[in-house]
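Report on one structure; see the data block that follows.
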Amino acid sequence: MNASATPQKLTALQRSERQTKVVQGLSAVLPADTLLWHAEDTTPYECDGLTAYRQRPLVVVLPEDEAQVQQALRACYALNVPVVARGAGTGLSGGAMPHPLGAVLSLARFNRILKVDPVSRTAVVQCGVRNLAISEAAAPLGLYYAPDPSSQIACTIGGNVAENSGGVHCLKYGLTLHNIVKIRGFTMEGEPVVFGSDALDAPGYDLMSAVIGSEGMLAIVTEVTVKLIPKPMLARCIMASFDDIRKAGDAVAAVIAAGIIPAGLEMMDKPMTAAVEDYVHAGYDLTAEAILLCESDGTPEEVEEEIGRMSRVLLARGATKIAVSQSEAERLKFWSGRKNAFPASGRISPDYMCMDSTIPRKRLADILLAIQQMEKKYQLRCANVFHAGDGNLHPLILFDANDADQLHRAELFGADILETSVEMGGTITGEHGVGIEKLNSMCVQFSPQENEQMFGVKRAFDPKSLLNPGKVIPTLQRCVEYGQKLVRGGKLSHPNLERF
């Protein structure tokens with residue numbers, strides 16, 4: 001049986017027999033305390049942050065060192081068992097959802113910071129180290145790790161590599177891709193691999209750029225060397241209120257057009273500011289239709305000059321109120337709302353689906369107004385927060401997953417946002433990945449030929465397609481079925497779908 005393909009329906013007996021075979025194969029090479037296979041032990045691994053979709057694996061492997069990772073991969077390769085790597089499980093696109101006939105390779109025990117080097121300004125960390133822990137370890141040396149996803153208190157650096165995560169400061173300091181020096185890991189066959197180099201450049205093709213953001217489809221990452229940068233002498237944040245969404249969107253584009261690259265440039269609409277203000281009391285203007293958070297960092301002189309320039313641009317673009325942080329405590333207070341947008345949304349809705357499209361900055365207002373119309377169409381609320389500086393949207397569709405109809409409408413709502421983003425010249429994902437959530441939308445963005453090229457890269461690394469199969473890249477059959485579904489629904493507006 002080729003378990004890497006779309007799994008066929010198995011009887012309980014067939015699943016049990018396959019599970020026994022897999023557990024026996026892994027038990028022959030791994031200690032007993034590294035394996036979980038009883039239902040009560042594997043259920044916690046059945047989904048990641050996208051909780052609407054769940055699937056229990058046959059077995060969960062909890063290796064303690066690289067030798068055990070290698071043995072586990074070799075055994076699974078020999079048995080044709082799919083492997084899904086898992087970090088903290090904070091991903092939002094279903095990338096870590098298990099394969100029903102496969103193993104989850106949990107790397108939670110790889111949680112050591114191996115080295116912090118202030119001379120080279122790098123840190124060598126295992127893949128299970130939390131994002132925030134890197135900056136905490138480097139802080140006594142006056143250094144920190146720049147990418148700061150909202151989940152940084154919990155998400156791991158291995159997961160950040162898998163999704164090419166960003167954060168509120170990615171506009172100035174870049175995504176994970178721009179802050180990694182070297183990656184160590186293994187292929188599905190258990191072959192050790194190194195991507196990148198401790199030097200400024202590595203010989204051969206830049207395969208590290210392919211691995212970062214590949215969502216666990218090309219290799220298993222065990223160790224990462226990250227760049228560290230000096231903590232700025234000063235950081236201050238502007239909180240600007242707008243009485244109109246279009247004015248706020250235009251202000252974002254105007255700031256960048258003025259030649260200013262803020263350390264952070266975030267936007268929240270009125271429903272989101274109301275949710276977070278009730279949760280963290282950050283001092284947000286609840287009368288504003290949208291607020292912008294614009295941060296400057298550097299020397300005191302640089303910050304003073306940049307804050308002044310940004311304030312003038314924002315006022316010229318219609319800001320109704322501007323507040324500038326006067327202390328580090330106040331700056332952190334301004335950001336507390338943005339950092340807690342997701343948990344705040346969880347307080348006002350049983351469930352939410354967080355989308356992740358990216359559009360040109362000049363279309364920010366257009367997509368927000370389009371989302372307001374979609375709220376009426378699908379009869380669901382949506383609160384918006386996003387990395388405005390680089391056009392990365394995070395609409396949070398609010399619904400109740402216990403209501404099958406609401407879940408269905410939320411899925412349609414999300415797909416509509418993604419496909420509208422493509423129509424506006426954007427992409428279906430910025431930093432959360434494709435996983436299983438955006439497979440259909442990949443059919444909209446990419447042609448059959450482009451998808452086949454991506455499959456070609458996948459096959460070069462993983463010929464049997466055992467690493468995280470059935471995700472990220474849609475099959476031709478899936479895209480044909482999706483195109484037919486849209487035709488039946490009276491909608492086929494994307495040229496790529498017409499090619500299937």
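Here the shortest heavy-atom pairing between Glu431 and Asp356 reads N-OD2, 3.0 Å. Here the closest non-hydrogen pair linking Ser421 and Ser357 is OG-OG, 2.8 Å. Contact detail for Gly470 and Leu439: the closest heavy-atom pair is O-CD1, 3.4 Å. For the pair Gly337 and Val280, the tightest heavy-atom approach, listed with the atom from each and the gap, is CA-CG2, 3.7 Å.
Remark: SG of Cys443 is found under 2.5 Å from SG of Cys479.
In this structure, CG on Leu175 lies 12.5 Å from CD on Glu163, to the nearest 0.5 angstrom. A distance of 11.5 Å separates CD in Gln373 from OG1 in Thr420, rounded to the nearest 0.5 Å. Rounded to the nearest 0.5 angstrom, Asn392 CG and Phe386 CZ are separated by 10.0 Å. Rounded to the nearest 0.5 angstrom, Ile260 CD1 and Leu265 CG are separated by 10.0 Å. Between the CD atom in Glu277 and the CG atom in Asn340 there is a gap of 12.0 Å [rounded to 0.5 Å]. Separation of atoms CD1 (Ile322) and CD1 (Ile291) is listed at 12.5 Å; rounding is to 0.5 Å.
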Return a table of donor-acceptor pairs under 3.5 angstrom between the side chains of residues 134-144 and protein atoms on other chains or two or more places apart.
from   : atom 1 : to     : atom 2 : distance (Å)
Ser135 : OG     : Tyr145 : N      : 3.0
Ser135 : OG     : Tyr145 : O      : 3.3

Indicate every side-chain donor-acceptor pair of residues 120-128 with a distance under 3.5 Å to a residue at least two apart or in another chain.
from   : atom 1 : to     : atom 2 : distance (Å)
Ser120 : OG     : Asp117 : OD2    : 3.1
Ser120 : OG     : Thr122 : OG1    : 2.7
Gln126 : OE1    : Asn111 : N      : 3.2
Gln126 : OE1    : Arg112 : N      : 3.0

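For Asp201, there are no salt bridge (charged side-chain N to carboxylate O under 4.0 Å, His left out) partners, not counting sequence neighbours. Looking at residues two or more places apart in sequence or on another chain, you find a side-chain hydrogen bond (donor to acceptor under 3.5 Å, both in side chains) between Asp297 and Lys172, Tyr173. For Ser214, the side-chain contact (heavy atoms from CB on, under 4.5 Å) partners are Val211, Leu218, not counting sequence neighbours. Judged as a salt bridge (charged side-chain N to carboxylate O under 4.0 Å, His left out), and not counting sequence neighbours, the contacts of Arg347 are Asp278. Listed by chain and residue number, nothing satisfies the salt bridge (charged side-chain N to carboxylate O under 4.0 Å, His left out) test with Arg381 (two or more places apart in sequence, or in another chain). For Glu46, the side-chain contact (heavy atoms from CB on, under 4.5 Å) partners are Thr43, Arg54, Arg56, not counting sequence neighbours. Annotation: ring-ring contact (aromatic ring centres under 6.0 Å, His included) contacts of Tyr279 (sequence neighbours excluded): none. Evaluation of the ring-ring contact (aromatic ring centres under 6.0 Å, His included) rule for His394 yields His387, His432 as partners, not counting sequence neighbours. When the ring-ring contact (aromatic ring centres under 6.0 Å, His included) test is applied to Phe413, the partners found at least two apart in sequence or on another chain are Tyr378. By the salt bridge (charged side-chain N to carboxylate O under 4.0 Å, His left out) test, Arg312 is found to be paired with no residue, residues two or more places apart in sequence or in another chain being considered.
A side-chain donor-acceptor contact under 3.5 Å links Gln152 and Lys339. In this model, a donor atom of one side chain and an acceptor atom of the other lie less than 3.5 Å apart for Thr222 and Glu66. Counting only N and O atoms by type, the side chains of Asn160 and Asn131 include a donor and acceptor under 3.5 Å apart. A donor-acceptor pair shorter than 3.5 Å cannot be found between the side chains of Ser296 and Arg309.
For the pair Met353 and Glu437, the minimum side-chain heavy-atom distance is below 4.5 Å. In this structure, the side chains of Leu50 and Met97 stay at 4.5 Å or more apart for every pair of heavy atoms. Side chains of Arg130 and Cys155 form no contact here, defined as non-hydrogen atoms less than 4.5 Å apart.
Of the residues listed (Lys182, Arg184, Lys115), the one engaging Asp198 in a salt bridge (charged side-chain N to carboxylate O under 4.0 Å, His left out) is Lys182, and it is the only one. Test Glu295, Glu306, Glu304 against Arg236 for side-chain hydrogen bond (donor to acceptor under 3.5 Å, both in side chains) and you get one pass: Glu304.
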Next on the checklist: Assess the residue pair Asp48 and Arg86 against the criterion (salt bridge (charged side-chain N to carboxylate O under 4.0 Å, His left out)); give the C-alpha distance rounded to whole Å, side-chain angles, the decisive distance to 0.1 Å, and a yes or no.
Outcome noted: CA-CA 9 Å; Asp48 57 14; Arg86 180 186 175 94; over 6 Å; no
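By the 6.0 Å contact criterion, NZ on Lys270 is enclosed, its count of non-hydrogen atoms from other residues, nucleotides or ligands being greater than 12. Residue Arg317 places its CZ atom among 12 or fewer non-hydrogen atoms of other residues, nucleotides or ligands, all under 6.0 Å distant. Counting heavy atoms of neighbouring residues, nucleotides and ligands inside a 6.0 Å radius, atom CD1 of Ile153 does not exceed 12 of them.
For Lys247 and Asp244, the salt-bridge test fails: no basic side-chain N is under 4.0 Å from an acidic carboxylate O.
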